[in-house]
Colleague: 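Okay, handing you the structure first.
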Amino acid sequence: MTSRKHVCQIVPPYLMQRLNAGRLDQDNAFRAARTEHLTRVLAQGSAPEAGATAAEAGDWTVYTANNGTDLPGEKVRAAGDPESGDESVDEAAAGITGSLALFEEVYGRDSYDGRGIEVVMTVHYDRDYANAFWDGTQLVFGDGDGEIFQRFTKAVDVIGHELSHAVTEHTAGLVYQGQPGALNESMSDVFGSCLKQRLLGQSAEEADWVIGAGLFTESVQGVGLRHMLEPGTAYDDPTLGKDPQPAHMDDIYDGADDNGGVHINSGIPNRAFALAAQAIGGSSWEGAGKIWYAALTNGAVTTETDFAGFAAATVAEAGDQAEAVTTAWSEVGVTPASGTPAPDGEAPTLVKVRRSGGFLGRTKEGSAELAPSAAQVATVRNLVAGGAAPSKPKGADRYIYEFEVDGRTVVVHEGDMSAELRAVANELLES
């Protein structure tokens, strides 16, 4: 699946603006320059060579920018090396080790790309830099400004949060805008919190559900950047203002700031996860965490999936816990629904699929009315536009699919189905 690369940062722009108006301009300028750089690198085909192994790539490496902005900087520690004595370096090392262990030991994922790619991290980025981010190639951590924020490696869930952005980029590829972007942020909070709870040996009931606890200095009236269980309560400070996160769809932010509220509205799916984790019981990483990870990676969630679409994906993966998961989403005002609804005033597009053949020779049909801009619609339209005749069936007793959109149809044998097309077919057949 092709993903769109964005610089995903832990501190939202509305907080950075309160800290220092000039700092936001500086950060935006960096992001723009880095995005341009990434575009050039990708165009040149900088992907690892085919056949590269995890052993060749290594697990992780920590660099220091020495309070400059050149990335990745000077290498200071790699997997297997002893502690360096630098708090930021060693916290980054411990945090990434725990993060990689979470994804591999619990979810069966080998690094963020699923193939053992090396994780590159840089600490001591810039001077007084109050942020941490994933830039599409590596993780970067500032030392904080010393007035509001301490060093960003101090909170292990921040490290897990940034690595999770890389996982999302290499799986569903949720665009960093609007509800898909808020889901992107929420997925990072979910696995960052699962990491912290796992390292502390806490159950979902015992957890504090605070993201970034320990980042604030003693002068700040707050417990952390976000509160997953009680969005909107993380801080209320004269300098920072009050935590703006909504806990329910009734209060969703619909403005243009923060890429359409990606850090603000993430409070809604965050609370749904925390409620589901507590209802399921036990550890969040084994219970609700496995459900959320399966939903993110099984192909049902696409780049443009909204809250309702993601909720439906989690319910579909929940098995015996489907009622608990459905209730959790309902408590935040989200009704699990298949597909992406059309915005008000925009006529929906009807997409159909007909599956025949198989061992039993049965036929099953499904359809959904989706927004014309929905990824599912684009996938089927691209298929129909190709207009190719079906190839010779691969193997026996396999399914044959007939897709229809805009009054045009195309037939595809199961053996020729892409992961994206298979996800669309499954979604329509279940609707």
Side-chain angles (χ1 to χ4, degrees), residues 6-25 27-28 31 130-134 142 144-145 147-150 152 155 157-158 161-162 164-165 174-190 192-193 208-217 219-275 306-308 310-311 328-329 331-334:
H6 295 269
V7 178
C8 303
Q9 53 191 16
I10 189 73
V11 179
Y14 55 82
L15 273 188
M16 294 192 70
Q17 186 72 57
R18 286 181 175 273
L19 295 179
N20 182 330
R23 175 61 70 182
L24 181 60
D25 293 337
D27 195 61
N28 285 338
R31 294 171 67 196
N131 207 357
F133 59 85
W134 159 255
D145 56 8
E147 298 179 5
I148 302 297
F149 288 105
Q150 302 185 67
F152 277 74
D157 50 349
V158 171
H161 175 105
E162 298 306 334
S164 298
H165 274 308
L174 290 159
V175 296
Y176 208 58
Q177 179 74 37
Q179 286 192 27
L183 282 171
N184 192 319
E185 276 297 320
S186 179
M187 295 308 302
S188 283
D189 280 353
V190 160
S193 188
D208 64 9
W209 292 104
V210 174
I211 298 297
L215 284 186
F216 287 146
T217 65
S219 66
V220 178
Q221 298 175 22
V223 295
L225 291 176
R226 291 180 284 279
H227 198 303
M228 295 184 67
L229 187 60
E230 301 294 341
T233 68
Y235 56 85
D236 190 351
D237 181 78
T239 300
L240 299 180
K242 189 178 185 307
D243 179 1
Q245 282 207 312
H248 194 278
M249 287 294 290
D250 288 347
D251 302 310
I252 192 169
Y253 170 77
D254 60 1
D257 291 346
D258 185 31
N259 286 324
V262 299
H263 292 91
I264 301 172
N265 292 328
S266 61
I268 295 171
N270 274 2
R271 177 165 167 78
F273 176 81
L275 291 172
D306 62 2
F307 291 173
F310 187 78
W329 283 107
E331 288 193 34
V332 300
V334 175

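Computed from a predicted model, the values in this text were never measured in an experiment. Hydrogens, waters and symmetry mates are skipped; everything else that's a heavy atom, side chains included, is used. Residues: numbered from 1 along the sequence shown.
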Colleague: Looking at D254, I'd like to know if its CG atom is crowded, meaning that more than 12 non-hydrogen atoms belonging to other residues, nucleotides or ligands lie closer than 6.0 Å.
Modeller: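 Counting other residues, nucleotides and ligands, CG of D254 stays at 12 neighbours or fewer.
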
Colleague: Going by heavy atoms in the side chains, are F273 and W209 under 4.5 Å from each other?
Modeller: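 They are in side-chain contact.
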
Colleague: Could you tell me whether D243 and R226 make a salt bridge, using a distance below 4.0 angstrom between a side-chain N and a carboxylate O?
Modeller: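 Salt bridge flag = no for R226 with D243.
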
Colleague: Got a second to check how far I148's CD1 is from L240's CG, nearest 0.5 Å?
Modeller: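 The distance works out to 5.0 Å.
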
Colleague: Can you check whether Q179's main-chain N or O pairs, donor with acceptor, with D306's side chain at less than 3.5 Å?
Modeller: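 Checked: no pair found.
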
Colleague: Check whether Q150 reaches the backbone of G214 with its side chain - one donor and one acceptor, N or O, closer than 3.5 Å.
Modeller: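 Yes, because the side chain of Q150 sits within donor-acceptor range (under 3.5 Å) of the backbone of G214.
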
Colleague: Does some side-chain heavy atom of Q221 sit less than 4.5 Å from a side-chain heavy atom of P238?
Modeller: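 When only atoms from C-beta onward are counted, Q221 and P238 do touch, with a gap below 4.5 Å.
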
Colleague: Could you check if a side-chain atom of H165 sits within less than 4.5 angstrom of a side-chain atom of S188, using non-hydrogen atoms only?
Modeller: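 Side chain of H165 against side chain of S188, heavy atoms only: contact under 4.5 Å found.
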
Colleague: Could you tell me whether the side chains of E147 and T217 share a donor-acceptor contact shorter than 3.5 Å?
Modeller: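 There is no such pair (donor and acceptor under 3.5 Å, judged by atom type) between the side chains of E147 and T217.
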
Colleague: Decide yes or no for H248 and I268: does some side-chain heavy atom of the first lie under 4.5 Å from some side-chain heavy atom of the second?
Modeller: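 The answer is no, as the side chains (C-beta and beyond) never meet within the 4.5 Å cut-off.
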
Colleague: To the closest 0.5 Å, what do you measure between CZ (F307) and CG (N265)?
Modeller: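 F307 CZ to N265 CG: 5.5 Å, rounded to 0.5 Å.
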
Colleague: Mind checking whether M249 and V332 have side chains closer than 4.5 Å, heavy atoms only?
Modeller: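 Result no, sub-4.5 Å side-chain heavy-atom pair not found.
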
Colleague: Minimum heavy-atom separation for Y253 to G261, with atom names?
Modeller: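 It is CD2-CA, 3.7 Å.
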
Colleague: Shortest non-hydrogen contact from Y235 to P244?
Modeller: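 Scanning both residues completely, I find the closest heavy atoms to be OH-CD, 3.5 Å.
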
Colleague: When you compare the side chains of N270 and S186, does any donor N or O come within less than 3.5 Å of an acceptor on the partner?
Modeller: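 Yes, S186 and N270 have a side-chain donor paired with an acceptor closer than 3.5 Å.
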
Colleague: Between G212 and A155, which heavy-atom pair has the shortest distance, and what is it?
Modeller: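 Of all heavy-atom pairs spanning G212 and A155, the closest is CA-CB, 4.0 Å.
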
Colleague: Nearest 0.5 angstrom please: F310 CZ to N184 CG, how far?
Modeller: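 Spacing of CZ (F310) from CG (N184) equals 10.5 Å.
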
Colleague: Using 0.5 Å steps for rounding, measure from the CG atom of L275 to the CE atom of M228.
Modeller: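 Taking CG in L275 and CE in M228, the distance rounds to 10.0 Å.
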
Colleague: Checking side chain to side chain contact (heavy atoms under 4.5 Å, CB included) against S193, which of L229, D208, I211, D157 comes through?
Modeller: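 Going through the options one by one, the only one that passes is I211.
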
Colleague: Any side-chain heavy atom of V220 sitting closer than 4.5 Å to one from T239?
Modeller: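 They are not in contact (no side-chain heavy atoms under 4.5 Å apart), so the answer is no.
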
Colleague: Can you label the angle between the F152 ring and the F149 ring as parallel, tilted or perpendicular, going by 30° and 60°?
Modeller: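 Rings of F152 and F149: tilted, as their planes differ by 30° to 60°.
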
Colleague: Can you give me the closest heavy-atom contact between P231 and G267, atom names plus distance?
Modeller: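 Taking P231 first and G267 second, the nearest heavy atoms are CG-O, 3.2 Å.
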
Colleague: Is there a donor-acceptor contact under 3.5 Å linking the side chains of T233 and H227?
Modeller: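 Result is no, nothing qualifies.
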
Colleague: Do any N or O atoms from the side chain of K242 and from the backbone of D237 form a donor-acceptor pair under 3.5 angstrom?
Modeller: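 No, K242 side chain to D237 backbone: no donor-acceptor pair under 3.5 Å.
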
Colleague: Starting at OG of S266, measure out to CG of D189 and round the result to the nearest 0.5 Å.
Modeller: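 CG of D189 is found 5.5 Å from OG of S266.
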
Colleague: Any idea which heavy atoms bring A182 and P269 closest together, and the distance?
Modeller: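 Minimum heavy-atom contact is O-CG, 4.4 Å.
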
Colleague: To the closest 0.5 Å, what do you measure between OH (Y176) and CD (E185)?
Modeller: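 Here the interatomic distance stands at 3.5 Å.
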
